[in-house]
Amino acid sequence: MNVKKLAAEAAVELIKDGMTVGLGTGSTAHWAIAKLGERVNNGLKIKAIATSKESDALAKELNIPMVTFSDIGQIDITIDGADEVDPNLILIKGGGGALLREKIIATASEKLIVIVDESKLVRQLGGFALPIEVIPFGMESTRKFIEELGCKTKIRMTDKNDRFKTDNGNHIVDCTFGRIESPEKISQKLNQIPGVVENGLFIRLAHKVYVGYQSGKVDILLKKND
Ligand code: 5RP
């Protein structure tokens with residue numbers, strides 16, 4: 001059973017004619033883009049904006065009409081994956097290195113719909129190393145300040161042993177906290193460090209989370225007070 005595909009395809013049912021849709025990044029978002037492409041080729045009228053060059057290329061291959069921020073007012077729905085989801089629907093994202101564009105697009109969207117398989121649900125965030133986008137200049141110094149917040153860091157590398165480069169020309173520092181007791185405080189402190197562009201904690205952004213299970217069911221988790 002392809003559980004990621006299951007959650008992704010259920011979420012794509014939310015997309016209606018006339019919407020502007022944010023396209024996520026990663027192996028789960030891949031299935032959402034594929035389904036959306038199928039619906040567009042069957043007559044669905046939408047515009048889309050992508051959170052990465054990779055998703056943009058896939059969408060264009062599937063003939064999904066792509067726009068940029070200068071073409072649109074707001075984004076109606078963004079569908080994106082996550083690396084961890086806690087009971088308050090706070091997320092860790094950035095496993096694919098696209099967290100900055102993902103956060104910009106999620107923030108500009110009326111609704112962020114998250115698609116995951118059951119393995120992404122956690123009681124407490126932090127088991128997955130938190131990705132942080134850092135500018136190349138001063139990396140070693142920026143990294144030290146990040147570690148002072150109580151984590152171990154690794155600079156993300158490619159298979160060729162170069163520093164991984166984001167679509168924005170920056171690097172990713174993966175930070176192992178073990179447990180993140182206070183995501184809001186950590187997020188604020190991280191973003192105050194010069195050189196940190198953005199971190200992978202998504203707080204009060206997710207509207208709904210579609211969770212796929214091996215049994216074939218898809219649960220929908222709602223933001224509290226919705
Ligand atoms: C990319 C992301 C992805 O959404 C996240 O890593 C989940 O990926 P996948 O769907 O492949 O498990 O944040 O930056």
Side-chain angles (χ1 to χ4, degrees), residues 1-12 21-36 48-59 75 77-86 89-109 111-122 125-134 154-159 163-177 180 183 187 190 196-203 205-214 218-219 221:
M1 168 91 46
N2 187 336
V3 181
K4 292 184 174 190
K5 185 170 182 231
L6 199 69
E9 292 192 344
V12 169
V21 183
L23 306 178
T25 296
S27 57
T28 319
H30 171 98
W31 291 113
I33 299 169
K35 186 67 188 173
L36 215 45
I49 182 161
T51 55
S52 63
K53 291 180 182 170
E54 188 187 327
S55 294
D56 187 64
L58 173 63
I75 301 166
I77 292 184
T78 290
I79 301 180
D80 202 352
D83 300 298
E84 282 189 345
V85 179
D86 86 353
L89 306 196
I90 299 178
L91 319 172
I92 287 185
K93 285 185 51 54
L99 69 99
L100 176 58
R101 291 188 187 201
E102 288 174 336
K103 205 180 260 192
I104 291 171
I105 287 191
T107 303
S109 301
K111 290 180 181 168
L112 170 63
I113 308 298
V114 179
I115 46 177
V116 292
D117 63 73
E118 56 190 306
S119 70
K120 306 290 184 68
L121 300 181
V122 297
L125 298 169
F128 189 91
L130 178 68
I132 300 180
E133 180 150 346
V134 172
K154 264 194 190 152
I155 299 175
R156 196 178 296 183
M157 306 300 282
T158 67
D159 296 342
R163 285 186 179 177
F164 173 88
K165 233 183 192 181
T166 68
D167 284 349
N168 318 301
N170 298 313
H171 300 310
I172 297 285
V173 177
D174 290 302
C175 305
T176 304
F177 282 93
I180 297 178
S187 176
L190 283 168
V196 168
V197 185
E198 192 50 82
N199 72 80
L201 284 164
F202 282 48
I203 302 169
L205 284 171
H207 190 78
K208 285 182 184 172
V209 180
Y210 279 59
V211 188
Y213 290 85
Q214 274 302 333
V218 176
D219 263 359
L221 311 180

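The shown structure was predicted, so the numbers you read here are calculated from the model rather than taken from an experiment. Each ligand, and each atom within it, is numbered from 1 in the order the structure gives.
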Taking only heavy atoms of [X] into account, list the atoms of ligand 1 that are under 4.0 Å away from them.
{"X": "Gly26", "answer": "11 (O)"}
{"X": "Lys120", "answer": "7 (C), 9 (P), 12 (O)"}
{"X": "Gly96", "answer": "1 (C), 2 (C), 6 (O), 14 (O)"}
{"X": "Gly97", "answer": "14 (O)"}
{"X": "Glu102", "answer": "1 (C), 2 (C), 4 (O), 13 (O), 14 (O)"}
{"X": "Thr25", "answer": "1 (C), 2 (C), 3 (C), 4 (O)"}
{"X": "Ala98", "answer": "14 (O)"}

Among all protein heavy atoms in this structure, tell me which lies nearest to atom 10 (O) of ligand 1, with the distance rounded to 0.1 Å.
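Ranked first by proximity to atom 10 (O) of ligand 1 is Thr28 OG1, 2.5 Å.
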Nearest neighbour in protein (non-hydrogen) for atom 5 (C) of ligand 1
Asp83 OD1, 3.2 Å
Quick check: do [X] and [Y] have side-chain heavy atoms less than 4.5 Å from each other?
{"X": "Leu125", "Y": "Ile90", "answer": "yes"}
{"X": "Lys154", "Y": "Thr176", "answer": "no"}
{"X": "His171", "Y": "Lys165", "answer": "yes"}

Minimum heavy-atom separation for Met1 to Leu6, with atom names?
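Closest pair (atom of Met1, atom of Leu6, distance): SD-CD2, 4.1 Å.
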Taking every non-hydrogen atom, the tightest pair across Asp80 and Thr25:
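Looks like OD1-N, 3.1 Å.
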Which is closest to atom 9 (P) of ligand 1 by heavy-atom distance: Ala82, Gly81, Ser27, Ser119?
Ser27
If we check side chain to side chain contact (heavy atoms under 4.5 Å, CB included) with Leu121, which of these qualifies: Asp86, Asp219, Leu221?
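The single option meeting the side chain to side chain contact (heavy atoms under 4.5 Å, CB included) with Leu121 is Leu221.
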Report the part of Asp80 in contact with ligand 1, treating N, CA, C, O as backbone and CB onward as side chain, heavy atoms under 4.0 Å; options are side chain, backbone, both, neither.
side chain
N/O donor-acceptor pair under 3.5 Å between [X] side chain and [Y] backbone:
{"X": "Glu84", "Y": "Gly126", "answer": "yes"}
{"X": "Ser109", "Y": "Ile105", "answer": "yes"}
{"X": "Lys93", "Y": "Pro131", "answer": "no"}

Can a non-hydrogen atom of His30 be found less than 4.0 Å from any atom of ligand 1?
no
Report yes if some N/O of Gly94 lies less than 3.5 Å from some N/O of ligand 1; otherwise report no.
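By distance alone, the answer is yes.
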